[in-house]
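Chain A is the first sequence line, chain B the second, and so forth, proteins listed ahead of strands; every chain is numbered from 1.
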2 protein chains.
Amino acid sequence: MRRFLVVGHRAVTRADFSLDDLAGAAGRMDILLSAANAALLLAHGIRQDAEAALLLLGPPDPPRLLRILGHRVRSFQPDLRSNAALLRKALEHGSRVEREVSPGILASKASFEEALDRLGPSFVYLKEGGKDIRGTPLPADATFVLSDNQELTPEEERAMISRDALVVGLGPQAIHTDQAIVLVQNELDRRGV
Amino acid sequence: MRRFLVVGHRAVTRADFSLDDLAGAAGRMDILLSAANAALLLAHGIRQDAEAALLLLGPPDPPRLLRILGHRVRSFQPDLRSNAALLRKALEHGSRVEREVSPGILASKASFEEALDRLGPSFVYLKEGGKDIRGTPLPADATFVLSDNQELTPEEERAMISRDALVVGLGPQAIHTDQAIVLVQNELDRRGV
């Protein structure tokens, strides 16, 4: 299983955000949606062994964890706008008890630490300056943790360190979150894991 | 210079396509827009040494070539919808004479072969089953050619072969066009070229 946890520090947690302004009023929801595509989509379908976990920390009712399970999700599209509509529906469920609100989409109110506890068991923190992924052994069944266009907060970084996360880098350039996920997927594909 | 030519076989060539249905009525314009993002965007800006050339072959007035030059373009965003508005404006110029219709965006009526002649000088055709990019020497100053979610037509493939294009693959899985560009960019970044 390949899990990607993406932290959206400003991503709004209201179920009626506008589909017409994902990058603006929705708090860079486009970053989370592009990341989910990179985690889940192949040319001709969905990666059955992948999960995209999106943590939304923007107003008005954070924190929210939305998990999209590749082997169960239906009606997940390359089109960001369609997927944004799926997230809107999932945000209607704000209970701390996780529920499958539509096929393959789990929603709950959960913090970063709670999300880590629920995902796991081992963690890879993708960060500029980390050990180059090429040639670095990766733990089996890992959760890869990425931030949006902001850094993880010091508190979030501490949570990673306390869980012995492996800190891994992807190359010489600072790239977008979805681009980072594409590189990880390719590396795992090549290793056949 | 890194050039990426992406062929949108169904991408519409009307300047008033709807921003609300990029994946549907606009003929998978979302593929071209995501590809342009992968070609041009870094975490904190635009790749100055990159060009995204988009060939639109859908109705009503194909073929159209829209070139986005990293070192000149302004107001290019991660948000696909904003960039779609730039393409709409560029489609208003349908002359065979190429013109810079807004800073860093060149538009013209041009076929696949004409696009190749204008880009060049050497070509890399990204295709499943090609020689693995890792460890394969790549020509300097190359144009990387990719198709949308359809294969290149036999005629387009012949045009590539007649130009001695190097056929390169990226890994064991069939992936989306934008994902392929992300992998090429990372490989070139690592080589420092």
Side-chain angles (χ1 to χ4, degrees), chain A residues 18-26 28-31 33-34 37-45 47 49-50 77-84 128 132-134 146-151 169-193, chain B residues 18-26 28-31 33-34 37-45 47 49-50 77-84 128 132-134 146-151 169-193:
Chain A
S18 166
L19 301 181
D20 294 340
D21 196 14
L22 297 173
R28 298 310 308 273
M29 195 70 73
D30 61 317
I31 296 177
L33 290 161
S34 299
N37 276 15
L40 292 169
L41 294 182
L42 288 169
H44 309 297
R47 288 182 181 270
D49 63 340
Q77 306 289 336
D79 180 39
L80 298 187
R81 191 180 165 91
S82 308
N83 297 340
E128 285 165 58
D132 186 11
I133 193 169
R134 292 199 190 176
L146 304 94
S147 194
D148 53 7
N149 62 332
Q150 306 180 11
E151 303 281 314
L170 295 163
Q173 293 279 13
I175 56 177
H176 281 277
T177 308
D178 61 315
Q179 297 172 344
I181 293 174
V182 168
L183 297 176
V184 173
Q185 292 285 35
N186 181 253
E187 188 64 32
L188 295 175
D189 289 344
R190 287 173 173 272
R191 296 186 193 187
V193 293
Chain B
S18 167
L19 300 181
D20 294 339
D21 196 14
L22 298 173
R28 298 309 309 273
M29 195 71 73
D30 61 317
I31 296 177
L33 290 161
S34 300
N37 276 15
L40 293 168
L41 294 181
L42 288 169
H44 309 296
R47 288 182 182 271
D49 63 340
Q77 305 289 337
D79 180 39
L80 298 188
R81 191 181 165 90
S82 307
N83 297 340
E128 287 165 56
D132 186 10
I133 193 169
R134 292 199 190 175
L146 304 94
S147 194
D148 54 6
N149 62 333
Q150 306 180 10
E151 303 281 315
L170 295 162
Q173 293 279 13
I175 56 178
H176 281 276
T177 308
D178 61 315
Q179 298 172 345
I181 293 174
V182 169
L183 297 176
V184 172
Q185 291 285 35
N186 181 252
E187 188 66 29
L188 296 175
D189 290 342
R190 286 173 173 272
R191 295 186 193 186
V193 292

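For a residue to count as touching a neighbouring chain, one of its non-hydrogen atoms must lie under 4.5 Å from one of that chain's; by this rule B:L22 does not touch chain A. Both the backbone and the side chain of A:L183 come within contact range of chain B, judged by heavy atoms closer than 4.5 Å.
Within a 6.0 Å sphere centred on CD of B:E151, other residues, nucleotides and ligands contribute 12 heavy atoms or fewer.
Note on residues 179-188 of chain B: pairs passing side chain to side chain donor-acceptor pair (under 3.5 Å), not counting sequence neighbours, are A:R134-B:E187, B:R2-B:Q185, B:N186-B:R190, B:E187-B:R191.
Nearest heavy atom pair, residue A:D189 against residue B:Q173, reads OD2-CG, 3.3 Å. Of all non-hydrogen atoms in A:H176 and B:L42, the two that sit nearest each other are NE2-O, 2.9 Å.
When the candidates B:S82, B:P172, B:G24 are compared by the number of heavy-atom contacts under 4.5 Å with chain A, B:P172 comes out ahead. In terms of heavy-atom pairs under 4.5 Å with chain B, the best-connected choice from A:I175, A:D79, A:D30, A:D20 is A:D20.
Qualifying side-chain contact (heavy atoms from CB on, under 4.5 Å) partners for B:N37, counting only residues two or more places apart in sequence or in other chains: B:L41, B:F76, B:L80, B:N83.
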